[in-house]
Amino acid sequence: MTMNPIETIAVHDWQSPVARELAAHALDALEAGCVLRLPLPFALSADEQVLLSDTLLSGARKNISYNPVNNSVKGADGDAQLETLLRGMLGRYHASTRALALKLFAPYSGHMLDGRTSYRPAEIAGRVPKSWRHDDTRLHVDAFPATPVHGRRLLRFFNNVNPHGEPRRWNVGEPFADVAARFFPRLPDHSPLKARLMALTRITKSKRTAYDHYMLNLHDGMKADLDYQSQVAKTPAAFAPGETWIVYSDQVSHAVMSGRFMLEQTYYVPVAALQYPERSPLRVLEKLAGRALV
Ligand SMILES: [Fe+2]
């Protein structure tokens, strides 16, 4: 079956069962590096409407984060009542996306680790990033300097809850294999000694593996190359309010151009749980490197 960079998956509600063929197609498209687009709104209660304001953000923060593991909320400026509402909305988003994930991606059952839930009320367009590394309007694959993933995948569920009819606009870049083939030859070598020192001095939360090193340098290399940014083929995507989209953000080259009021849930998936592990960034990079990277 031919696949588009953005594949529509006809799931309209969070509760109904998903047909086996549709789930198989969704998993195939997800692991092939497509963005799955679902006409699936996430409803806020009447009480929660008060959360649709960017004045909730504390200081210069760009998002409010919720940790499903200990039920804690960070990044919000408000009283206990507001925090209770945030905890309720984000906790429900986490539970909804997890239940949907296990219907769409049954092989991940028992293997998906919870990451953070995040709420991003602030407008992206016109924001001045701290540095070019933080500029998410440039195409990139996700990789985080302080949090090594040791080969685990970054599976992310997004939902546009914008109450003003505004879409969230993305650009989607070229397939991961093309990104990797283009940039890998110019990436600096991994230094195990430097990785140990960074873990010892707590610059990283655990040891940065060769995989984490190359992914981070891929992220930086893409963002730093302005010729690449202007010349590479891009597919624009506008996610309307009421749409959910699901993506392996370590694999799909993406840039966020505009939008506000979005929910996001991260999961970590081990490569061993994938249906098509050979398509994963880990295996693609290992092939280019000619050695194991974790
Ligand atoms: Fe990103």
Side-chain angles (χ1 to χ4, degrees), residues 5-6 30-37 61-66 75 93 97 115-149 151-160 167-180 182-183 187 208 211-226 228-229 232-239 243-269 280-282 284-285:
I6 297 142
L30 177 79
E31 293 193 7
C34 301
V35 178
L36 308 186
R37 178 206 289 271
R61 298 183 76 120
K62 57 177 188 173
N63 63 54
I64 293 167
S65 86
Y66 168 75
Y93 187 65
T97 57
R116 295 299 158 95
T117 318
S118 117
Y119 174 43
R120 307 181 194 179
E123 175 58 56
I124 295 287
R127 193 172 56 202
V128 180
K130 266 193 277 179
S131 74
W132 59 268
R133 271 197 186 85
H134 294 90
D135 183 359
D136 288 340
T137 68
R138 300 184 189 195
L139 286 166
H140 64 282
V141 290
D142 284 347
F144 305 109
T147 323
V149 293
R152 279 195 300 266
R153 309 297 314 277
L154 290 171
L155 175 61
R156 300 186 123 173
F157 285 66
F158 300 93
N159 190 287
N160 185 353
R168 192 156 187 101
R169 294 187 192 280
W170 274 27
N171 283 330
V172 177
E174 60 182 351
F176 185 84
D178 297 347
V179 174
R182 192 194 292 265
F183 285 94
L187 301 183
R208 192 183 282 174
Y211 173 71
D212 291 293
H213 164 84
Y214 287 121
M215 286 300 288
L216 200 55
N217 280 282
L218 204 52
H219 167 276
D220 290 358
M222 291 171 80
K223 282 188 175 175
D225 188 337
L226 293 178
Y228 175 71
Q229 292 290 332
V232 72
K234 302 169 191 77
T235 306
F239 301 101
E243 286 192 307
T244 294
W245 61 109
I246 310 172
V247 55
Y248 267 126
S249 67
D250 52 3
Q251 179 176 10
V252 175
S253 166
H254 61 282
V256 185
M257 308 316 288
S258 70
R260 53 183 176 149
F261 304 113
M262 185 194 69
L263 292 168
E264 183 266 324
Q265 175 67 51
T266 298
Y267 294 103
Y268 299 98
V269 181
S280 66
L282 175 65
V284 170
L285 291 176

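We count ligands from 1, going down the list as the structure has it; atoms in each ligand are counted the same way. Below, all heavy atoms of this structure are taken into account, side chains as well, without hydrogens, waters or symmetry copies. In this text, all values refer to a predicted model and were calculated from it rather than measured experimentally.
Between Trp245 and Phe239, the ring planes lie parallel to each other; the angle is under 30°, not in the 30° to 60° tilted range.
Residues Leu36 and Phe157 are not in side-chain contact: their nearest non-hydrogen atoms beyond the backbone lie 4.5 Å or more apart. At a threshold of 4.5 Å between non-hydrogen side-chain atoms, the residues Val247 and His254 do not count as touching. You'll find the side chain of Asp212 reaches within 4.5 Å of the side chain of Val149, heavy atoms only.
One finds an angle of 90° at the Fe ion (ligand 1) between NE2 on His140 and NE2 on His254, to the nearest 10 degrees.
Not a single N, O or S atom of Asp136, from either the backbone or the side chain, sits less than 2.8 Å from the Fe ion (ligand 1).
Residue-level check: among N/O/S atoms of Asp142, OD1 sits closest to the Fe ion (ligand 1).
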